2 protein chains.
Amino acid sequence: MLSKKTKYAFHALTFLGKNRDQKTVLIQDIAAEYGISHKFLENILLELKKAGILGSKKGKGGGYYLIKEPKDVALSKVIRLLDGPIALLPCVSLNYYEPCVECQSEVKCGLNKVMIQVRDEMLNVLENKSLADILDKE
Amino acid sequence: MLSKKTKYAFHALTFLGKNRDQKTVLIQDIAAEYGISHKFLENILLELKKAGILGSKKGKGGGYYLIKEPKDVALSKVIRLLDGPIALLPCVSLNYYEPCVECQSEVKCGLNKVMIQVRDEMLNVLENKSLADILDKE
DNA sequence: ATAAACCCTACTTTTTTTATAGACTTTACA
DNA sequence: TGTAAAGTCTATAAAAAAAGTAGGGTTTAT
């Protein structure tokens, strides 16, 4: 399951996507829309900004806005950013690889082989679905 | 990512699958093979037994054995048993459904719709891969 | 009778997630 | 030019989940 952080990130991105006509949107308005803690959401939006997905404007009249095209915000990108690896095991993660301590030889490990296949099929889905798909269904 | 519990379950199942010629296998031998805590593994094997995947024999000369054909032990079954939902959000889980409190209307939620698609594609993979696939690659 | 092995429940520790606090910086505008 | 509005940043606290441990109970071969 995704963490709440990631789920809220998707909600926020959806809200920002729906309000692209506005120059900026307040954290507060997003928090209110979904009943999320303002402060918690603040951290999430900051991470999305640092990742180049959102832009912001400080000071009075400021707020956040979507900097990327919705079709260019893949689900995989948001998940990796806030939740970490998509792979089901550390030993098959492309972005967060770590060997399994209990594993004598990765090359001989059937579980490793199968989980590489699972990872590839999951990535195929998560890299080809994007914020645009979410917005299309709203 | 899968929990260690689930990862160890797959290791144990693999070991038992490779030793189907023996009547029973000791917890201790599986734990030693992977350097896993005996007691922790005990709990895991017990769950696999209760789920009808493993059988056991008590007393001296006892141990665990695979009760199902490897091809009939889908990855999805083991993951659900030890880790819970496969779906990425509670509101799209088939086996562990819960509404999202922040969601006004599930029917109008684009995230919900997209995550249903993601779930179906993940299930398609995880229900069609099994212990047999792991054993084939060892 | 005894030792080997699984069964079961409860508990503790550790890690991760979720949430909060508060001081700081930037900006619009009266 | 002062003030209020808004994002920035770091640290910490609280809650929940995962990982691991303990120990007595039951069954069975010899």
Side-chain angles (χ1 to χ4, degrees), chain A residues 1-9 11-12 16 22-32 34-51 53-67 79 81-85 88-90 96 98 100-102, chain B residues 1-9 11-12 16 22-32 34-51 53-67 79 81-85 88-90 96 98 100-102:
Chain A
M1 296 264 276
L2 298 178
S3 66
K4 288 193 178 180
K5 234 175 164 172
T6 302
K7 184 167 65 163
Y8 294 164
H11 282 315
L16 286 162
Q22 294 178 38
K23 267 208 283 289
T24 64
V25 173
L26 298 182
I27 296 179
Q28 199 177 325
D29 291 347
I30 304 173
Y34 299 100
I36 304 171
S37 144
H38 175 116
K39 277 301 210 175
F40 193 40
L41 188 57
E42 200 175 278
N43 295 326
I44 295 167
L45 295 181
L46 211 47
E47 288 199 67
L48 290 169
K49 186 200 163 176
K50 286 179 181 164
I53 296 169
L54 300 182
S56 70
K57 191 170 178 307
K58 283 185 180 178
K60 197 171 181 180
Y64 280 97
Y65 51 91
L66 201 57
I67 217 171
I79 294 174
L81 185 65
L82 295 155
D83 253 14
L88 296 184
L89 294 180
Y96 299 85
E98 271 182 71
C100 293
V101 286
E102 79 278 10
Chain B
M1 296 265 276
L2 298 178
S3 66
K4 289 193 177 179
K5 232 174 165 173
T6 303
K7 184 168 64 163
Y8 293 165
H11 282 316
L16 286 162
Q22 293 178 38
K23 265 209 283 289
T24 64
V25 173
L26 297 183
I27 297 179
Q28 199 178 324
D29 291 346
I30 304 173
Y34 299 100
I36 304 171
S37 142
H38 175 115
K39 278 303 211 173
F40 193 37
L41 188 57
E42 199 175 277
N43 294 327
I44 296 166
L45 295 181
L46 212 46
E47 288 198 68
L48 290 169
K49 185 199 164 176
K50 284 178 184 166
I53 296 169
L54 299 183
S56 68
K57 190 167 177 310
K58 282 187 183 176
K60 197 170 182 180
Y64 280 97
Y65 51 92
L66 201 56
I67 217 171
I79 294 174
L81 184 65
L82 294 156
D83 255 13
L88 296 184
L89 293 179
Y96 299 85
E98 270 183 71
C100 293
V101 286
E102 78 279 10

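Quick note on labels: first sequence line is chain A, next is B, and so on, each numbered from 1. Keep in mind that this is a model prediction, so the values were computed, not measured.
- Contact between the side-chain N/O atoms of A:Ser3 and the OP1/OP2 oxygens of C:dT18 is found at a separation under 4.0 Å.
- Applying side-chain contact (heavy atoms from CB on, under 4.5 Å) to A:Leu54 and the options A:Ile67, A:Val25, A:Leu45 leaves one that passes, A:Leu45.
- B:Pro85 has its side chain out of reach of B:Pro90: every pair of non-hydrogen atoms, C-beta onward, lies at least 4.5 Å apart.
- Regarding B:Lys49, its NZ atom lies at a distance of 8 Å from the C1' atom of C:dC6, rounded to whole Å.
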Which parts of nucleotides 19-30 of chain C does protein reach within less than 4.0 Å, heavy atoms only, written one letter per nucleotide 5' to 3' as B for base, S for sugar-phosphate only and - for none?
-> BBBB---BBS--

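- The line from CD1 of A:Ile27 to CD1 of A:Ile36 is 11.5 Å long, rounded to the nearest 0.5 Å.
- Judged purely by distance below 3.5 Å, without hydrogens or angles, the side chains of B:Ser56 and B:Lys49 pair a donor atom with an acceptor atom.
- For the residue pair A:Leu48 and A:Ala9, the shortest heavy atom distance occurs at CD1-CB, 4.2 Å.
- Nearest heavy-atom pair across B:Leu26 and B:Gly62 is CD2-O, 3.3 Å.
- Of all nucleotides in DNA chain D, those with any atom nearer than 4.0 Å to a heavy atom of chain B start and finish, going 5' to 3', at D:dA19 to D:dA29.
- Among residues two or more places apart in sequence or in another chain, the salt bridge (Lys or Arg N to Asp or Glu O under 4.0 Å) test is passed with A:Lys39 by A:Glu42.
- C:dT17 atom P lies 15 Å from atom NZ of A:Lys7, rounded to whole Å.
- Ring geometry for B:Tyr34 versus B:His11: interplanar angle under 30°, hence parallel rather than tilted (30 to 60°).
- When each of B:Leu45 and A:Lys5 is assigned the nucleotide of DNA chain C with its nearest heavy atom, B:Leu45 is the one assigned upstream, toward the 5' end.
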